[in-house]
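Both ligands and their constituent atoms are indexed starting at 1 by order of listing. Values reported hereafter were calculated over all heavy atoms of this structure, with side chains retained and with hydrogens, waters and symmetry mates removed. No experiment lies behind these values; they were computed from the predicted model shown.
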Amino acid sequence: MARIVDTSTKQLRAANPIDAMLCLFCHNVSFPCTRNGCVNMEHFKVIKRHQIEDESERREKKLYLGYALLGAHPILNQTVGRMRRAAEGRKEELFALSSAHDVTLAPILSALGLTEARFPRFAARLIFELWQDRQKPGEHSVRILYDGVDVTFHTSFCQDHHKRSPQPMCPLENFVRFVKRDMFVALGSGSTNYYDACHREGS
Ligand SMILES: *[C@@H]1O[C@H](CO)[C@@H](O)[C@H](O)[C@H]1NC(C)=O
Ligand SMILES: *[C@@H]1O[C@H](CO)[C@@H](O)[C@H](O)[C@H]1NC(C)=O
């Protein structure tokens, strides 16, 4: 396949080609040809196998989680910022939509602690909802949906919530605390902020 697309074999490790190939595969469009030949289903199967191997390797080594936490922090921080502004009653950003590659979505899922989530399927979607309590308008909660399934209580910031609280929803504060503090604690390098965590040697 490297010969066909005229690149180095190293460049073709799972994460790079799977993104483009999955789209063609899911639409039943044939893989591209060059003057050196055509990419075919056998290539796709090998790439898919690499990807599954890489996934299980990442689960074993903690290194990937560190990468995921740092990589996902900016978008989660932005999301928390928007939710807080909306919770304060500001109405200018009631809906935000981002579109990204599956290789961007994957570390976000890992950072949230959704370890069950496999490599994102084609057109996967992740939704962050902010809820307000009608009886107590000062109380806000979050709900996280992945491909339409409520995964709020699988996230690392709300998985113990039921055990500790009678409140049926996950408080916004849990998500805020996670992004502002616990994501760095999870890195385990003693950092307490993003800058520090990104510049720490050997971690
Ligand atoms: C996919 O395309 C091939 C030919 O290009 C066709 O034979 C096959 O029926 C298609 N499969 C589906 C599920 O549409
Ligand atoms: C997180 O977002 C806030 C604004 O909501 C911003 O002031 C802060 O610098 C951001 N933190 C990082 C580490 O990006």
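- Of the heavy atoms in M83, none comes closer than 4.0 Å to ligand 2.
- The closest protein non-hydrogen atom to atom 8 (C) of ligand 1 is N28 ND2, 3.7 Å.
- By the definition of a contact as any protein heavy atom under 4.0 Å away, atom 4 (C) of ligand 2 is not in contact.
- Distances from atom 14 (O) of ligand 2 to the heavy atoms of T79, D196, N77 put N77 nearest.
- Each of L112, I75, V142, L145 was compared with F128 under the side-chain contact (heavy atoms from CB on, under 4.5 Å) criterion, and only L112 meets it.
- Counting heavy-atom neighbours within 6.0 Å of F25 CZ, excluding the residue itself, gives a total of 12 or less.
- Within a 4.0 Å radius of atom 10 (C) of ligand 1, the protein contributes one or more non-hydrogen atoms.
- Between Y146 and H154, the distance separating the two ring centers is not shorter than 6.0 angstrom.
- In this model, a donor atom of one side chain and an acceptor atom of the other lie less than 3.5 Å apart for N77 and K180.
- Within the structure, the closest approach of R84 to ligand 2 does not fall below 4.0 Å when heavy atoms are considered.
- Here the two rings, on F178 and F175, have centers that are 6.0 Å apart or farther.
- Transitive grouping of hydrophobic side chains (ILVMFWY, heavy atoms separated by less than 4.5 Å) keeps V149 and F153 in distinct clusters.
- Distances from ligand 2 to the non-hydrogen atoms of K180 include at least one value under 4.0 Å.
- In plain terms, the two heavy atoms of L12 and V5 that are nearest each other are CD1-CG2, 4.2 Å.
- Residue contacts with ligand 2, taken as heavy atom pairs separated by less than 4.0 Å, do not involve Q78 at all.
- For ligand 2, the atoms closer than 4.0 angstrom to any heavy atom of Y194 are 13 (C).
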